[in-house]
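Presented below is the structure to which this report refers.
Residue numbers count from 1 along this sequence.
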Amino acid sequence: MPVTRNRLKNLPIDGTKRVLLAAPRGYCAGVDRAVIAVEKALENYGAPVYVRKQIVHNIHVVTTLEKKGAIFVDEVDEVPEGSHIVFSAHGVSPAVVKGAADRQLQAIDATCPLVTKVHREAVRFARDDFEILLIGHHGHEEVEGTMGHAPERTTLVNSPADVPYITVKNPDHLVWLSQTTLSVDETMETVRLLRERFPNLQDPPSDDICYATQNRQVAIKKVAEEAELVIVVGSANSSNTVRLVDVALENGARAAYRVDYASEIKQEWLDGIATIGVTSGASVPEVLVQEVLDDLADAGYTDVAQVVTAEEDLMFSLPKELRTDAAGNPDERGLGGRSRKLDWQRDGA
Ligand code: SF4
């Protein structure tokens, strides 16, 4: 993890150097809840607390929690019997829940409620004998968790290119669902192609792509209309972060790069660039964006304007296992009195 700041040079360009800062950006309600859940589990039960998979897809968040005593594992069979384990925001299949119960693990489910909503849809449609076409990325933890709720009835559709090869048993009893963090535009294209093949394909009862993913894509689209370069802060395994790079490129940015840390910004990216767009994925703490803004300020990009396309105030209460304080008394303060989700509104330019 970088500890020194990358001092970029302030080279002359034609025009005024400025930054357009997308809002909303950064922490969503599900990430905020999941990170606080690990912190509160450490507080209530003491270290170590085990976490299945990365609690959220951000390397800075994971290493910070590791220093506090969290141990990240791939599967429940790596966890000593009887220990506390937190399931990540991306959700788990019933098989994982059973595996944890078989080892007498004390499970804390930090699955984002908007992922749980998709799980419930999968269960309900499977029970009603529908075949489910799940649009999502092969190997993503959320997709594995959702498919695990209706394994016999779900077919994964990885991209529009998959559509010609999809086979179904009954094209008249078919519904599509999706991963929560996809590109809205690409997903709609996939649905359009699916519907060409299967005209009676049913829509999900409500959007599966979550509010946070959609809001961040709308904001970066607006920014990309004016920004020559877009910098997206977030980790490579963060689906919604990577989608922000794609969306920026599809909507006017000449170049778009993802960085975990400000020190990854390269001097040559800034050559001749007057307007830089900045945003961050839904699992990114605002401090990392601030470090990017600090380095860009060193390079002369001191004029920072927020481009606000939506206000967000959604918060989820903690997993039920954590709604007590360390002494076991009920904690009525929702997120235990903590939330960093709105940092971008407090700290943004
Ligand atoms: S990106 Fe959406 S689905 Fe994922 S944790 Fe955040 S709110 Fe939940």
How close do [X] and [Y] get, heavy atom to heavy atom, and via which atoms?
X	Y	answer
S88	I55	CB-O, 3.5 Å
I276	I273	CG1-CG2, 3.7 Å
A274	D14	CB-O, 4.2 Å
D203	W176	OD1-NE1, 2.8 Å
P319	I108	CB-CG2, 4.0 Å
L201	V191	CD2-O, 4.5 Å

Using modelled atom types and a 3.5 Å cut-off, is there a donor and acceptor pairing between side-chain atoms of [X] and backbone atoms of [Y]?
X	Y	result
S238	G234	no
S280	G26	yes
N251	V247	yes
D207	I209	no
R254	L229	no
R153	D129	yes
T63	H60	yes
R323	L318	yes
R216	A212	yes
T146	V143	no

**OP:** Please step through side chain to side chain donor-acceptor pair (under 3.5 Å) for the pair S235 and N237, ending with a clear verdict.
**Re:** CA-CA 6 Å; S235 289; N237 61 344; 4.5 Å; no
In one Ile/Leu/Val/Met/Phe/Trp/Tyr side-chain cluster, 4.5 Å: [X], [Y]:
X	Y	result
V49	V56	yes
Y211	V184	no
Y257	L296	yes
L174	L193	yes
V307	L244	yes

Rounded to the nearest 0.5 Å, what separates atom [atom1] in [X] from atom [atom2] in [Y]?
X	Y	atom1	atom2	result
S159	H137	OG	NE2	7.5 Å
I231	L293	CD1	CG	9.5 Å
T213	L114	OG1	CG	9.0 Å
D298	R7	CG	CZ	4.5 Å
T154	I132	OG1	CD1	4.0 Å
I85	R103	CD1	CZ	9.5 Å

**OP:** Determine, step by step, whether D208 and I135 satisfy the side chain to side chain contact (heavy atoms under 4.5 Å, CB included) criterion, reporting the C-alpha distance in whole Å, the side-chain angles of both residues, the deciding distance to 0.1 Å, and the verdict.
**Re:** CA-CA 10 Å; D208 287 341; I135 303 173; over 6 Å; no
Original post:
Any side-chain heavy-atom pair from E131 and N170 closer than 4.5 angstrom?
Top reply: yes
Subject >> Side chains of V230 and I220 in contact at under 4.5 Å (non-hydrogen atoms) >> reply: yes
Original post:
According to the interplanar angle, ranging from 0 to 90°, do the rings of H119 and H149 count as parallel (below 30°), tilted (30 to 60°) or perpendicular (above 60°)?
Top reply: parallel
Original post:
Is a salt bridge present between E196 and R192, judged by a nitrogen-to-oxygen distance below 4.0 Å?
Top reply: yes
**OP:** Answer yes or no: is there an ion pair linking K40 with E321, defined by an N-O contact shorter than 4.0 Å?
**Re:** no
Subject >> Check against salt bridge (Lys or Arg N to Asp or Glu O under 4.0 Å), D260 and R258 >> reply: CA-CA 7 Å; D260 267 301; R258 180 202 60 75; 3.5 Å; yes
Original post:
Who passes side-chain contact (heavy atoms from CB on, under 4.5 Å) against S93, sequence neighbours left out?
Top reply: A95, V96
Subject >> K17/D303 under salt bridge (Lys or Arg N to Asp or Glu O under 4.0 Å): CA gap, chis, key distance, verdict >> reply: CA-CA 7 Å; K17 288 180 170 180; D303 174 3; over 6 Å; no
Subject >> Atom NZ of K222 with >12 non-hydrogen neighbours under 6.0 angstrom >> reply: no
Original post:
Taking atom CZ of R120 as the centre, does the number of heavy atoms from other residues, nucleotides or ligands within less than 6.0 Å exceed 12?
Top reply: no
**OP:** Could you pull out all residues at least two apart from H173 that satisfy ring-ring contact (aromatic ring centres under 6.0 Å, His included)?
**Re:** F130
Subject >> Pair V157-I166, side chain to side chain contact (heavy atoms under 4.5 Å, CB included): steps then yes or no >> reply: CA-CA 8 Å; V157 185; I166 301 293; 3.8 Å; yes
Original post:
Could you walk me through whether E75 and K53 pass the salt bridge (Lys or Arg N to Asp or Glu O under 4.0 Å) check?
Top reply: CA-CA 7 Å; E75 288 307 339; K53 309 286 186 189; 3.7 Å; yes
Subject >> Pair T180-E142, side-chain donor/acceptor within less than 3.5 Å >> reply: yes
Subject >> Evaluation steps, salt bridge (Lys or Arg N to Asp or Glu O under 4.0 Å), between R25 and E312 >> reply: CA-CA 10 Å; R25 62 177 179 278; E312 293 179 348; over 6 Å; no
Subject >> Residues L8, Y301; criterion side chain to side chain contact (heavy atoms under 4.5 Å, CB included); working and verdict >> reply: CA-CA 11 Å; L8 298 165; Y301 298 88; over 6 Å; no
Original post:
Taking it one step at a time, do R243 and S183 satisfy side chain to side chain donor-acceptor pair (under 3.5 Å)?
Top reply: CA-CA 6 Å; R243 299 291 81 73; S183 153; 5.9 Å; no
**OP:** Just grab all the ring-ring contact (aromatic ring centres under 6.0 Å, His included) pairs involving residues 84-111, residues at least two apart or on different chains.
**Re:** Y45-H84, H57-H90, H90-H140
Original post:
Are N44 and L322 close enough, and set up right, to give a side chain to side chain contact (heavy atoms under 4.5 Å, CB included), and what steps lead you there?
Top reply: CA-CA 8 Å; N44 284 11; L322 293 171; 4.2 Å; yes
